[in-house]
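Lettering follows sequence order; numbering is per chain, from 1.
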Number of protein chains: 2
Amino acid sequence: MRQETLAALKDKGFRLTKIRKFIVEIFYSSEAVPISAPELRTRLLAQNVKANKTTVYRELDFLSDQGIIVEINAGDGKKRYELQRHGHHHHILCLRCSAVECVTIENCALEDQLNSVDLKNFKVTGHALNFFGLCEGCRPYTECR
Amino acid sequence: MRQETLAALKDKGFRLTKIRKFIVEIFYSSEAVPISAPELRTRLLAQNVKANKTTVYRELDFLSDQGIIVEINAGDGKKRYELQRHGHHHHILCLRCSAVECVTIENCALEDQLNSVDLKNFKVTGHALNFFGLCEGCRPYTECR
DNA sequence: TTGACAAATGCAACCTCGTTGCAATATAAT
DNA sequence: ATTATATTGCAACGAGGTTGCATTTGTCAA
């Protein structure tokens with residue numbers, strides 16, 4: 001999969017730079033866990049890949065434009081991204097450690113009911129359903145930090 | 001209502017300062033429209049009340065601690081607040097002008113189904129359902145700005 | 001009415017996340 | 001190897017938000 005993605009980019013005339021290849025690899029190896037720009041930078045550094053923050057933000061924009069990743073909103077203020085190929089799902093945010101994971105709700109009735117309806121004179125074009133709670137590691141704690 | 005709220009604060013030993021009284025008044029007169037810290041500051045200025053941004057943030061924290069307002073998440077990165085007495089509802093965000101309003105969904109099945117269930121080993125304590133779209137004024141436009 | 005004490009405020013400095021313009025570098029086709 | 005331009009790094013900036021500390025200001029009791 002990664003290879004096809006990279007090959008497709010090359011076909012379109014874009015370059016397969018070291019940073020770009022690492023970033024694509026990171027997204028493919030982080031299936032159910034969306035990644036923020038700062039996190040991505042940290043992950044690159046962990047692999048000894050130094051990338052300026054500007055570059056990271058631009059690469060996220062680029063991969064979004066190319067339809068490879070999509071921006072998701074997990075309910076805290078931070079933008080996160082995940083591979084575009086995910087099916088419809090939602091996200092859950094740990095209120096203590098800010099970990100985010102993808103979750104799928106069986107029989108999520110919402111989708112059919114709510115798209116493209118009128119609410120308060122708004123033309124509704126989409127929605128997001130986010131869950132909040134405590135992840136496995138943070139369950140013992142009551143307080144957020 | 002505003003008067004009871006203020007009296008209750010005074011009873012607890014807190015002071016009824018000019019800024020605090022104006023802020024409480026603003027929240028009471030902005031029923032269905034959540035307010036962000038910068039917006040609140042602007043509204044104060046519009047009434048010739050100068051408040052340092054630190055003060056505004058601290059007052060929002062204070063009123064949250066006192067259970068008078070609650071922080072809501074409208075799906076963009078910004079924290080907004082609204083009076084706590086609102087019943088259960090959701091929020092809709094205009095993708096063009098960032099206006100936010102409260103909306104109530106009839107027969108919102110979500111609540112009963114989803115609170116306090118286990119998802120991905122998370123202890124789920126809450127959720128947020130946000131809608132995105134174009135408000136009345138922005139309907140004519142397709143592009144976000 | 002006036003102190004006095006603590007609550008509230010302002011200020012400056014700082015942080016994170018994110019963006020922009022421009023110069024320097026590196027990919028990839030020739 | 002050369003070249004065009006895609007990509008990167010750097011510096012500077014901006015919004016939103018936080019912190020420590022000194023100053024001001026409600027409030028209450030004398």
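B:E82 and B:H89 are linked by a side-chain donor-acceptor pair at a separation below 3.5 angstrom, with hydrogens and angles left out of the test.
Using a 4.5 Å heavy-atom cutoff, the side chains of B:F122 and A:L134 are not in contact. Side-chain atoms of B:I23 and B:R43, non-hydrogen and from C-beta on, never get closer than 4.5 Å to each other. By the 4.5 Å heavy-atom criterion applied to side chains, B:P34 and B:Y81 are not counted as neighbours.
Distances from the side chain of A:L16 to the nucleotides D:dG20, C:dA7, C:dA28 place C:dA28 closest. In this structure, the nucleotide among D:dG9, D:dT7, D:dG16 sitting nearest to the side chain of B:P38 is D:dG16.
With salt bridges taken as basic N to acidic carboxylate O contacts below 4.0 Å, one links B:E59 and B:R20.
Neither OP1 nor OP2 of C:dA8 sits under 4.0 Å from any side-chain N or O of B:T17. Contact annotation: A:Y57 does not reach the phosphate of C:dT19 (side-chain N/O to OP1 or OP2, under 4.0 Å).
Not a single donor-acceptor pair under 3.5 Å links the side chain of B:S30 to the backbone N or O of B:I26. At distances below 3.5 Å, not a single donor-acceptor pair connects side-chain atoms of B:R96 with backbone N or O atoms of B:R139. A donor-acceptor pair is defined here as one N or O able to donate and one able to accept, closer than 3.5 Å; such a pair exists between the side chain of B:S64 and the backbone of B:L60.
At a cut-off of 3.5 angstrom, counting only N and O atoms as typed in the model, there is no donor on one side facing an acceptor on the other between the side-chain of A:T55 and the base of D:dT7. With hydrogens and angles ignored, no donor-acceptor pair closer than 3.5 Å exists between the side chain of A:S36 and the base of C:dC17. Contact annotation: side chain of B:K78 to base of D:dG16, donor-acceptor pair absent below 3.5 Å. For B:T54 against C:dA13, no side-chain N or O and base N or O form a donor-acceptor pair under 3.5 Å.
Taking the screw axis at each terminus of the helix from C:dT1-D:dA30 to C:dT30-D:dA1 from five consecutive base pairs, the angle between the two is 20° to within rounding of 10 degrees.
What separates NZ of B:K50 from C1' of D:dT25 is a distance of 17 Å, to the nearest Å. Atom C1' of nucleotide C:dT9 and atom CD of B:E59 are separated by 10 Å, given to the nearest angstrom. Atom pair A:K10:NZ and C:dA26:P shows a separation of 18 Å (rounding to whole Å applied). Taking atom CZ of B:F22 as the reference point, atom C1' of C:dA8 lies 17 Å away to the nearest angstrom. Across the protein-nucleic acid pair, A:N52 atom CG and C:dT20 atom C1' stand 12 Å apart, rounded to whole Å. The separation between B:F14 atom CZ and C:dT9 atom P is 12 Å, rounded to whole Å. Atom CG in B:D65 sits roughly 11 Å away from atom P in C:dA8 (whole-Å rounding). Rounding to whole angstrom units, CZ of residue B:R15 and P of D:dT24 are separated by 15 Å.
Residue A:K21 is classed as having no contact, given no heavy-atom separation below 4.0 Å to the nucleic acid. If you check every strand for non-hydrogen atoms under 4.0 Å, B:R58 touches a base. Looking at heavy-atom distances under 4.0 Å, A:K79 makes contact with sugar-phosphate atoms alone, never a base.
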